[in-house]
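Remember, it's a predicted structure, so these values are computed and weren't measured experimentally. Chain identifiers are assigned alphabetically (A, B, ...) following the order of the sequence lines, protein sequences preceding nucleic acid strands; residue numbering begins at 1 within each chain.
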Amino acid sequence: MSKVRVRFAPSPTGPLHIGGARSALFNYLYAKQNNGDFVVRIEDTDLERSSLESEKNIKESLHWLGIDWNEGIDIGGPCMPYRQTERLETYKEAAQILLEKGLAYYCYCSEEEIEAERQAALAKGEMPNYSGRCRNLTAEEKAAKDAAGIKPVIRLRVDEGEPIVVKDMVRGQVSFERDGIGDFVIVKSDGIPVYNFAVVVDDHLMGITHVLRGEEHLSNTPRQIAVYQALGWEPPIFGHISLILGTDRTKMSKRHGSTSVVAYQKEGYLPEALVNFLALLGWAPEGEEEIFTIEDLVKAFSMDRVSKRPAVFDIEKLKWINGQYLRKLPIEELVKYVAPYLKDLGIEGERLGLVCMTFANHINTFNEIRNFLPLFMGEEAEPMTEEAKAVMAEATVAQVLKLFYAKMALADEVKPETVKTALKQIRKELGLGGAQVFMPVRIALTGNQHGPDIDKLAALMGREIMNIRLQKAAKALGFEL
RNA sequence: GGCGCGUUGGAGAAGCGGCUUAACUCACCAGCCUUUCACGCUGGCAUCCAGGGGUUCGAAUCCCCUACGCGUCACCA
């Protein structure tokens, strides 16, 4: 058995998409666990839409996710170059071979003509395949067209014959009739090869053994196999991973939320969490554990457990996974990640550390930290909920708040420890239960009976805000502190 | 329209002819823990596998039909 060689071959027409990242990950995992090679190649034959900027973004996102390749763009390897526009000669040679063997031919039909035929065929409910009009052009006809300055495309001859069978690791054998394919274009009139052609030439020359990619490529696979057959090459083994859908079960797109890896990076997700989540999109682990580091995934991953069913992108689950990773972070790390989201407010240093400790268990993504700011910033506490009002109707409330206010006035600093001590003393002095003391203070300060540790919140508020909120609460309840 | 793929609880997702009284995860609910909240822990949550036929002693699992969803039919990848 020859060495496993897989590849990820994105086209640089935009930032790395979640689906692309998942394909890259599956290839990476498959390569790693089989001690194989993982190649990254750039498919930039769409001159109009490709950009170096997108290529850069894709590479950065892959690095960020920790998906590294051992051969390909930037780092080189035995099959250089790894950018398709730098391999044009290679495709030209392959096309030339097909032309000489009569397996491909020049076609001079205009786009308008083809489009008209296509529409007509579609209207009649027929296969919108190319008619094959240029199949048997004589040398004279061809010369005339050339003289007229018409730039031809090259089409592959796809004759009737046995159905084309795709051997697929996730779908088994899928068969396609040849007449459903037609004579398709392999080289555009500007001499640039078309995806279905270039991909075959590259995969073969690069010794790719397994092609793991999204299901949207399944219908294209018979065309590629036709190219392999024409060139007399052995096709690789395919594996078409199901599509990623939004929760409404339509293909994942912008309206379902962010679709690019950078967007999740910016929103405060950890790469480990995103990788973990991506792995679960279409693959299911054997046991009940769902938290996997990329190293764990290399061991646990298996193509046998890759599902045929489309995978639904469940953002709630991503958040939960991110929370799992976030909670494992040491406080110094957490501080580093959270810092950018609070920089504009001037929260840093010790205060930043306290913010992180206070909310670590309450956030699933770093940017969620912003949702909690009103809890300790500003003179106004959140309006009291009905439940909170009920708690504040207790007879002991005024006593507790007055005592708390007085005790804090004597404390030289408002720190978690001093607040905690004060609260403890009040319990003892008034002989009250914990909730009877903590609740009134919590509600007075935040308006809600739920939330993070009240001693930390009070410390974050600082004396001034704390006092103002206490006074406002007292006033609302009809007494002075 | 042709071709291809899919359809299991509120959501994700196992299951590959008898071991299934349908795993597991999220969400939700209840209880425990906690001075509160959260974290964590424990328990509850599909009489049923899109619908209809068929094969079989036996089907979520195999076959056929219908419905629905998605993908693809480019000189895009």
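- Separating the C1' atom of B/rC28 from that of B/rG12 is a span of 15 Å, rounded to the nearest Å.
- Residues A/L470 and A/F404 meet the side-chain proximity criterion, which asks for heavy atoms closer than 4.5 Å.
- Searching all strands for a Watson-Crick or G-U wobble partner of B/rC49 with both distances below 3.5 Å returns nothing.
- Following rounding to the nearest Å, A/F372 (CZ) and B/rC37 (P) show an atom-to-atom distance of 15 Å.
- For the OP1/OP2 pair of B/rA77 and a distance below 4.0 Å, the side-chain nitrogens and oxygens of A/K188 include at least one atom meeting the criterion.
- Of all nucleotides listed (B/rG40, B/rA38, B/rU72), B/rG40 comes nearest to the side chain of A/Q324.
- Listed candidates were B/rA14, B/rC5, B/rG12. Nearest to the side chain of A/L218 is B/rC5.
- Using a 4.0 Å heavy-atom cutoff across all strands shown, A/A311 reaches sugar-phosphate atoms only and no base atom.
- Here A/H450 lies in heavy-atom contact (under 4.0 Å) with sugar-phosphate atoms only.
- Here the separation of B/rU66 from B/rA77, taken at their C1' atoms, is 35 Å to the nearest Å.
- The residue A/I454 sits apart from the nucleic acid: no heavy atom pair falls under 4.0 Å.
- Proximity of A/V355 to A/F376: side-chain heavy atoms (C-beta onward) are separated by under 4.5 Å at one or more points.
- Comparing the same atom, P, in B/rA22 and in B/rA30 gives a spacing of 25 Å after rounding to whole Å.
- One interatomic measurement links the two molecules: CD1 of A/I164 to P of B/rU72, which rounds to 19 Å at whole-angstrom precision.
- Taking atom CG on A/D168 and atom P on B/rC5, their separation rounds to 10 Å, with Å as the unit.
- Taking a cutoff of 4.0 Å between a charged side-chain nitrogen and a carboxylate oxygen, A/E86 and A/R83 qualify as a salt bridge.
- Residue A/S242 is classed as having no contact, given no heavy-atom separation below 4.0 Å to the nucleic acid.
- Across all strands, A/G180 comes closer than 4.0 Å to no nucleic acid atom at all (heavy-atom distances).
- The 5' end of RNA chain B is approached more closely, in terms of each residue's nearest nucleotide, by A/G433 than by the other of A/G433 and A/I114.
- Candidate nucleotides B/rC26, B/rA77, B/rC3 were compared by shortest atom distance to the side chain of A/K317, and B/rC26 ranks first.
- A/T293 and A/E272 form no side-chain donor-acceptor contact under 3.5 Å, judged by distance and modelled atom types alone.
- Side-chain polar atoms of A/Q84 and A/D202 form a donor-acceptor pair below 3.5 angstrom.
- Using a 4.5 Å heavy-atom threshold, the side chains of A/L423 and A/I454 count as touching.
- Taking 4.0 angstrom as the limit, A/Q449 places none of its side-chain polar atoms (N or O) nearer than this to OP1 or OP2 of B/rA38.
- If you check every strand for non-hydrogen atoms under 4.0 Å, A/K420 touches a base.
- The listed nucleotides are B/rC73, B/rC37, B/rA77; the one nearest the side chain of A/H362 is B/rC37.
- A 4.5 Å side-chain heavy-atom check between A/E113 and A/R133 finds at least one atom pair inside the cut-off.
- The separation of B/rC49 from B/rA60, taken at their C1' atoms, amounts to 4 Å, rounded to a whole angstrom.
- When distances are taken from the side chain of A/V194 to each of B/rC76, B/rC39, B/rG71, the shortest belongs to B/rC76.
- Side-chain contact check for A/Y108 and A/D146: at least one donor-acceptor pair (N or O, by modelled atom type) lies under 3.5 Å.
- Evaluation of atom-type donor-acceptor distances gives no pair under 3.5 Å for the side chain of A/D44 against the base of B/rA77.
- With a 4.5 Å cut-off on side-chain heavy atoms, A/R469 and A/M461 count as touching.
- At whole-Å resolution of the value, CD in A/E117 and P in B/rA74 are 12 Å apart.
- Closest contact between the side chain of A/R309 and the listed nucleotides B/rG71, B/rG4, B/rG6 involves B/rG6.
- Counting to the nearest Å, the C1' atom of B/rC76 and the NE2 atom of A/H17 are 16 Å from each other.
- Among the protein residues, A/K308 comes within range of the sugar-phosphate backbone only, with heavy atoms under 4.0 Å from sugar or phosphate atoms but none that close to a base.
- The aromatic rings of A/Y228 and A/F238 sit perpendicular, their planes meeting at an angle over 60°, well past the 30° parallel limit.
- At the heavy-atom level, A/E111 lies under 4.0 Å from base atoms of the strands shown.
- For the pair A/R83 CZ and B/rA77 C1', the computed distance is 17 Å after rounding to whole Å.
- The side chain of A/V174 lies closest to B/rG4 when the candidates are B/rC75, B/rG4, B/rA11.
- With hydrogens and angles ignored, a donor-acceptor pair closer than 3.5 Å exists between the side chain of A/S189 and the base of B/rC75.
- Between the C1' atoms of B/rA27 and B/rA46, the separation comes to 16 Å (whole Å).
- Nucleotides B/rC57 and B/rC62, compared at atom C1', are 16 Å apart to the nearest Å.
- Side chain of A/T45, nearest nucleotide from B/rA77, B/rC73, B/rA13: B/rA77.
- Counting non-hydrogen atoms under 4.0 angstrom, A/Q84 reaches nothing in the nucleic acid.
- Base pairing annotation: B/rU7 forms a Watson-Crick or G-U wobble pair with B/rA67, both donor-acceptor distances under 3.5 Å.
- Distances shown here put every side-chain N or O of A/R305 at or beyond 4.0 Å from the OP1 or OP2 atom of B/rA14.
- Between A/A435 and A/S175, the residue anchored closer to the 5' end of RNA chain B is A/S175, taking for each the nucleotide with the nearest heavy atom.
- Comparing the same atom, C1', in B/rC33 and in B/rA38 gives a spacing of 12 Å after rounding to whole Å.
- Separating the C1' atom of B/rC19 from that of B/rU61 is a span of 15 Å, rounded to the nearest Å.
- Contacts of A/H240 with the nucleic acid, taken as non-hydrogen atoms under 4.0 Å apart, are absent.
- Atoms CG (A/L245) and P (B/rG71) sit 8 Å apart, rounded to a whole Å.
- Here A/S11 lies in heavy-atom contact (under 4.0 Å) with sugar-phosphate atoms only.
- When both pairing distances are held under 3.5 Å, B/rC73 makes a Watson-Crick or G-U pair with B/rG1.
- Checking B/rU21 for Watson-Crick or G-U wobble geometry (two distances, each under 3.5 Å) identifies no partner in any strand.
- If you check B/rA60 for Watson-Crick or wobble pairing at under 3.5 angstrom, you find it has no partner at all.
- A/D453 comes within 4.0 angstrom of a nucleotide base, judged by non-hydrogen atoms across all strands.
- In this structure, A/F184 atom CZ and B/rG2 atom P are separated by 23 Å, rounded to whole Å.
- Within the shown strands, B/rC28 is the pairing partner of B/rG44 under the Watson-Crick or G-U definition, both distances less than 3.5 Å.
- Within the 4.0 angstrom heavy-atom criterion, base atoms lie near A/V153.
- The side chain of A/W320 approaches B/rA27 more closely than any other nucleotide in the set B/rA27, B/rC75, B/rG71.
- Proximity note for A/H217 (side chain, C-beta onward) versus B/rG71, B/rC39, B/rA77: the nearest is B/rA77.
- In this structure, A/N448 reaches neither bases nor backbone, as no heavy-atom distance under 4.0 Å exists between it and the strands shown.
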